[in-house]
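Have a look at the structure below, then the notes.
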Amino acid sequence: MSTTSTSTTAAATVAEHAADTARPLLAESAAGHHRILTGDRPTGPLHLGHYFGTLQNRVQLQSQGLELMIVIPDYQVITDRDRADRLAEHVENLVLDYLAAGVDPARATIFTHSSVPALNQLMLPFLSLVSIAELSRNPTVKDEIAHSRQAAVSGLMFTYPVHQAADILFCKADLVPVGQDQLPHLELTRTVARRFNDRYAAIFPEPQALLSDAPLLLGTDAGKMSKSRNNAITLGADEDETARLLRGAVTDPDRRITYDPDHRPGVSNLLLLSALCQGRDPHQVAEEIGDGGAAVLKRTTTEAVNEYFRPLRARRAELATDRALLRETLRAGSARANAIADRTLDEVRAAMGTF
Ligand code: ATP
Ligand code: MG
């Protein structure tokens with residue numbers, strides 16, 4: 001089980017651990033064997049952490065023929081803030097980011113929480129399956145409360161992981177590509193599925209997390225890169241903005257550049273980012289920079305990021321002019337998600353013996 005998402009845990013160690021479990025799963029996956037569900041809160045545009053943490057895996061799995069569902073949890077925006085600002089704009093821009101990254105709108109089911117009432121109803125029986133103590137010790141909820149913009153913890157924030165269990169289980173997804181911060185939530189989803197199956201009827205799979213080689217990409221402040229923490233480089237950022245943000249990234253004064261995520265999180269994160277963009281090993285990138293110091297490291301990273309994301313950014317700019325496609329993708333996704341959610345809710349009602 002992971003620690004909190006703010007921890008600057010050794011990305012390499014986590015990545016090695018993740019790879020142990022993730023790679024065989026990817027290798028053995030075949031079309032029709034898995035249903036993937038994952039999502040991103042509409043709190044702002046997607047960033048490099050999303051891309052290397054989960055989005056790249058989603059696209060890869062879809063290209064292998066697996067069914068991909070993406071929830072845009074608009075109700076979850078108000079877990080850590082009073083108002084959901086510019087919600088429609090954020091939702092559309094998430095769809096834009098997905099399509100620019102290679103998600104196929106014809107095959108993926110992309111939808112918002114608020115458009116699927118039956119999904120949200122599952123939260124009621126699911127809430128009865130977990131204890132207050134279990135919710136209280138969830139490290140990701142603790143971390144999100146620490147970064148919350150609200151003075152008091154709302155009931156919605158506290159029960160966030162149960163809502164997420166409904167997101168995943170409504171469509172009986174069995175594979176969930178996520179970042180490291182989501183592991184405690186996934187564990188709770190597995191608990192909910194197991195308890196429901198034991199108590200009523202075996203309806204739900206126990207889904208597995210799929211971590212990438214960058215399950216916790218750090219932001220420019222060396223904390224978890226997040227949409228809401230003012231430390232992110234977005235997918236749609238232009239090359240100058242990327243350079244400016246990376247110039248301001250937290251590193252350390254040691255001129256010798258080494259890959260040491262435990263002791264040098266800022267430096268190692270930039271090395272990891274360069275390596276991911278170039279398909280290389282971060283140690284190799286470090287050796288090449290040698291005594292060049294943070295300035296050379298930042299320049300190298302900027303070039304690698306801009307080079308790698310140039311085609312995605314061009315595609316994004318092109319797609320941005322087709323708002324009708326974005327809205328149609330959501331409309332079709334919502335229709336598909338509603339049909340699935342209605343079927344599952346019927347099964348749940350039958351299992352529970354409701355009228
Ligand atoms: P917010 O600050 O609004 O919570 P976020 O940047 O944390 O936004 P989420 O929408 O909460 O993004 O997360 C969407 C998905 O992206 C989750 O699977 C999460 O684990 C993953 N993810 C988010 N940030 C990172 C990151 N820095 N590194 C790897 N994966 C990440
Ligand atoms: Mg988050």
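Just so you know, ligand 1 is whichever comes first in the structure, and atom 1 is the first atom listed for that ligand.
In the vicinity of Thr54, heavy-atom distances shorter than 4.0 Å reach the ligand 1 atoms 16 (O), 18 (O), 21 (C). Those atoms of ligand 1 with a heavy atom of Pro215 less than 4.0 angstrom away are 28 (N), 29 (C), 30 (N). Against a heavy-atom cut-off of under 4.0 Å, Gly179 is close to the following atoms of ligand 1: 18 (O), 19 (C), 20 (O), 21 (C), 30 (N). Close approach of ligand 1 to Ser226 is summarised as follows: ligand atoms under 4.0 Å from at least one heavy atom of the residue are 2 (O), 6 (O), 7 (O). Residue contact check: Gly53 has heavy atoms under 4.0 Å from atoms 29 (C), 30 (N) of ligand 1.
Heavy-atom proximity to atom 13 (O) of ligand 1, evaluated over His47, Arg41, His50, is greatest for His50. By heavy-atom distance, the residue among Val178, Asp181, Asp143 lying nearest atom 19 (C) of ligand 1 is Asp181. Remark: among candidates Gly39, Pro177, Gly49, Pro45, the nearest residue to atom 31 (C) of ligand 1 is Gly49, based on non-hydrogen atoms.
Asn93 and His90 are not linked by any side-chain donor-acceptor pair at a separation below 3.5 angstrom, with hydrogens and angles left out of the test. A donor-acceptor contact closer than 3.5 angstrom is absent between the side chains of Thr191 and Arg195. Using modelled atom types and a 3.5 Å distance limit, the side chains of Thr242 and Arg313 yield a donor-acceptor pair.
For ligand 1, none of its N or O atoms has an N or O atom of Thr38 under 3.5 Å away. The N/O atoms of Gln180, backbone and side chain alike, include none that comes under 3.5 Å of an N/O atom in ligand 1. Of the polar atoms of Met225, at least one N or O is found under 3.5 Å from an N or O of ligand 1, judged by distance alone. Distances between N or O atoms of Leu217 and those of ligand 1 include at least one value under 3.5 Å.
Distance from atom 24 (N) of ligand 1 to its nearest protein heavy atom, with residue and atom name: Lys224 NZ, 3.0 Å. In terms of protein heavy atoms, atom 1 (P) of ligand 1 is closest to Ser228 OG, 3.3 Å. When only non-hydrogen protein atoms are considered, atom 10 (O) of ligand 1 lies nearest to Lys227 NZ, 2.7 Å. The nearest heavy-atom contact from the protein to atom 17 (C) of ligand 1 is Gln182 CG, 3.8 Å. Among all non-hydrogen protein atoms, the one lying nearest atom 14 (C) of ligand 1 is Asp40 OD1, 3.1 Å.
Screening Asp85, Val95, Leu87 against Pro42 for a side-chain contact (heavy atoms from CB on, under 4.5 Å) leaves a single residue, Leu87. When each of Ile72, Asp80, Thr79, Ile78 is tested with Gln76 by the rule side-chain contact (heavy atoms from CB on, under 4.5 Å), just one qualifies, namely Thr79.
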Query raised in the report: When you look at Arg280 and Ser274, which way does the side-chain hydrogen bond (donor to acceptor under 3.5 Å, both in side chains) test go after all the steps?
Result: CA-CA 8 Å; Arg280 297 170 71 195; Ser274 296; over 6 Å; no
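For Tyr308 and Tyr51, the distance between ring centers is under 6.0 angstrom. Aromatic rings of Phe170 and Phe126 (six-membered ring for Trp) have centroids beyond the 6.0 Å cut-off, not under it.
Within 6.0 Å of CG in Asn230 there are 12 or fewer heavy atoms belonging to other residues, nucleotides or ligands.
Using a 4.0 Å heavy-atom cutoff, Arg229 is absent from the residues neighbouring ligand 1.
Under 4.0 angstrom from ligand 1, the non-hydrogen atoms of Thr43 all belong to its side chain. At a heavy-atom distance under 4.0 Å, only backbone atoms of Ala214 (N, CA, C or O) approach ligand 1.
Both Ile203 and Val116 are members of a single hydrophobic cluster when ILVMFWY side chains are connected at heavy-atom separations under 4.5 Å. If you chain together hydrophobic residues whose side chains sit under 4.5 Å apart, Leu245 and Leu272 fall into the same group.
Salt bridge Glu328/Arg331: present, at least one basic N to carboxylate O contact under 4.0 Å.
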